[in-house]
Amino acid sequence: MDPIFYAFVVLLFVAVVLAIEGGYLWWNSRHGPAARRIESRIRALSAGGQLQKERLTILKDRILRESSALDKVLMQLPRVQTLDLFIEQSGLSWSATRLIVTSVAIPVVVFFLGMFAPAPIWFMTPGALSTAALPYLYVSRQRRKRLARLEKQLPDAADTISRALRAGHSFPSAIGMVASEFPEPMSGEFRITFDEINYGVPLNDALMNLAKRVPIRDLRYFVIAVLIQRETGGNLAEVLDSIALLIRERFKLFDKVRVLSAEGKMSAWVLGLLPFITGGAMFAINRDFLEVLWTDPAGAKVIGVMLGLMTSGVYSMRRIIRIRV
């Protein structure tokens, strides 16, 4: 065959390989592990850092430079930075735009799918609108779990810093040890604080940024103790040991309260879910038996009264079993 044809095939193969390689390098530079790590650091500083106005403007410009038009519009809205900090505290790689768009898209999809169900429109519309809170509830649950892990790791972190201070290390070096030796998420938060100190942020501001990113009461006690010690002096290692002991004793008390209230929580779950499970089973077995609830005007009133009584009952049970220590 013609040598030109073979040369064309070889060149086409090389061009395809180079195009794939270029696409991979472009994707890795935008969405790879290093890019995600840098973006997470910048978002953490921009959302929760106490920075000078000029530096904060630079960080915002860095975030918005390669964002879509929707991201740029949403980031200018009030309270969006608070939402961004809320997502950052959950440990998810979501953005505020993704959370808002998902919250808007889910009810539309649920309402469209509900059009094919036998339930009436007036019943499907509130149900579809209520699904808008699902992404926020998911982020809130992840945030609560992450903060609980941070709180569990805090006594060991305080002990590590205390032992490092007794061994002669400086306080920033002790923070670096926690950042390198502890598992996530404690290591990530202290790593950000350690990097801020290395990049020239004053120690007081870096610790205040840590307390703002991680809204845990015990961590705020830790930060306050360090700041007071820097102003008045004293043995910081002993103070950290006392804080670690106090946190562990509080955990023991929490566990006792959790055991004593376990039966009440289980009863609340059973009483709260039993009507819905029973109604769903009856609807699946004999649909005509329940149709009177949405075909008869009195049935709608019965549903409204039932939901109101259940809401008040769930609120009352929650107040009973929720013991603050």
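Both backbone and side-chain heavy atoms feed into the values below; hydrogens, waters and symmetry mates do not.
Contact annotation: the side chain of Pro155 approaches that of Phe251 to within less than 4.5 Å [non-hydrogen atoms, C-beta and beyond]. Between Val101 and Arg98 the shortest side-chain heavy-atom distance does not fall below 4.5 Å. Residues Lys145 and Arg149 have side chains in contact (heavy-atom distance under 4.5 Å, counting atoms from C-beta outward). At a threshold of 4.5 Å between non-hydrogen side-chain atoms, the residues Leu83 and Leu99 count as touching. Put simply, the side chain of Arg250 reaches to within 4.5 Å of the side chain of Arg217, judged on heavy atoms. Taking the side chain as every heavy atom from C-beta outward, Val214 and Gln89 never approach each other to under 4.5 Å. Side-chain contact between Glu238 and Arg166 is present, with at least one heavy-atom pair separated by less than 4.5 Å.
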Can you check side chain to side chain contact (heavy atoms under 4.5 Å, CB included) on Phe86 and Ser140, steps first, answer last? CA-CA 8 Å; Phe86 186 82; Ser140 178; 3.8 Å; yes
Where do Ser187 and Glu184 land on the side chain to side chain donor-acceptor pair (under 3.5 Å) test, with the steps shown first? CA-CA 5 Å; Ser187 62; Glu184 293 288 345; 3.2 Å; yes
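Atoms CE and CE, from Met310 and Met306 in turn, are 6.5 Å apart once rounded to the nearest 0.5 Å. The line from CG of Asp241 to CG of Leu246 is 12.5 Å long, rounded to the nearest 0.5 Å. Note that the CE atom of Met177 and the OG atom of Ser173 stand 6.5 Å from one another [nearest 0.5 Å]. In this structure, CZ on Arg191 lies 12.5 Å from CG on Asn198, to the nearest 0.5 angstrom. Here the straight-line distance linking atom CG of Leu165 with atom CG of Leu240 works out to 6.5 Å at 0.5 Å rounding. Taking CG from Asp195 and CD1 from Ile175, the interatomic distance works out to 11.0 Å, rounded to the nearest 0.5 Å.
Ionic pairing of Asp156 and Arg248 is present here: one or more N-O contacts between side-chain nitrogen and carboxylate oxygen are shorter than 4.0 angstrom. One finds a salt bridge joining Glu189 and Arg146 here, because a Lys/Arg side-chain nitrogen approaches an Asp/Glu carboxylate oxygen to under 4.0 Å.
Listed for the Thr278 side chain is no donor-acceptor partner under 3.5 Å among the backbone atoms of Pro275. A side-chain donor-acceptor contact under 3.5 Å links Asn209 to the backbone of Asp205. Between the Gln142 side chain and the Ser90 main chain, no donor and acceptor come within less than 3.5 Å of each other.
Transitive grouping of hydrophobic side chains (ILVMFWY, heavy atoms separated by less than 4.5 Å) brings Phe283 and Ile303 into a common cluster. Hydrophobic cluster membership is shared by Phe254 and Ile243, with clusters built from Ile, Leu, Val, Met, Phe, Trp and Tyr side chains linked at under 4.5 angstrom. Tracing side-chain contacts under 4.5 Å through hydrophobic residues (I, L, V, M, F, W, Y), one reaches Phe112 starting from Val109; they form part of the same cluster. By the criterion of side-chain heavy atoms lying less than 4.5 angstrom apart, applied directly or through intervening Ile, Leu, Val, Met, Phe, Trp or Tyr residues, Ile106 is not grouped with Leu92; the two fall into different hydrophobic clusters. Hydrophobic clustering (ILVMFWY, side-chain heavy atoms < 4.5 Å, transitive): Leu253 and Leu260 are in distinct clusters.
Minimum heavy-atom separation, Val178 to Met186: CG1-CG, 4.1 Å. Summarising the geometry of Pro215 relative to Arg143, their closest heavy-atom pair is CG-NH2, 3.3 Å, with the distance given to 0.1 Å. In plain terms, the two heavy atoms of Ala128 and Pro107 that are nearest each other are O-CB, 3.2 Å. Across all non-hydrogen atoms, the minimal contact from Ile197 to Pro172 is CG2-CB, 4.3 Å. Of all heavy-atom pairs between Ala174 and Ile161, the closest is CB-CG2, 3.8 Å. Minimum heavy-atom separation, Phe182 to Gln153: CE2-O, 3.9 Å.
By the neighbour-count criterion of 12 heavy atoms within 6.0 Å, atom CE of Met266 is sparsely surrounded, having that number or fewer from other residues, nucleotides or ligands. Shown here is Lys152, whose NZ atom has more than 12 heavy atoms of other residues, nucleotides or ligands within 6.0 Å. For Phe171, the CZ atom counts as densely surrounded, since its 6.0 Å shell holds more than 12 non-hydrogen atoms of other residues, nucleotides or ligands.
Partners of Arg318 according to the side chain to side chain donor-acceptor pair (under 3.5 Å) rule, which considers only residues two or more places apart in sequence or in another chain, do not exist here. Every residue was checked against the side chain to side chain donor-acceptor pair (under 3.5 Å) condition with Thr102, not counting sequence neighbours, and none meets it. For Asp296, there are no side chain to side chain donor-acceptor pair (under 3.5 Å) partners, not counting sequence neighbours.
Checked against the 6.0 Å centroid criterion, the rings of Tyr138 and Trp94 qualify as a close aromatic pair.
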Let me have the donor-acceptor pairs involving side chains of residues 219-232, under 3.5 Å, with sequence neighbours excluded, atom names and distances please.
residue, atom, partner, partner atom, Å
Gln229, NE2, Gly234, O, 3.0
Arg230, NE, Asn204, OD1, 3.2
Thr232, OG1, Ile228, O, 2.8

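When hydrophobic side chains of Ile, Leu, Val, Met, Phe, Trp and Tyr are connected at separations under 4.5 Å, Val104 ends up as a singleton with no cluster partners.
For the residue pair Thr193/Arg213, the side-chain donor-acceptor check at 3.5 Å is satisfied.
Among residue pairs with one or both ends in residues 256-265, those qualifying as side-chain hydrogen bond (donor to acceptor under 3.5 Å, both in side chains) are Asp255-Arg258; sequence neighbours excluded.
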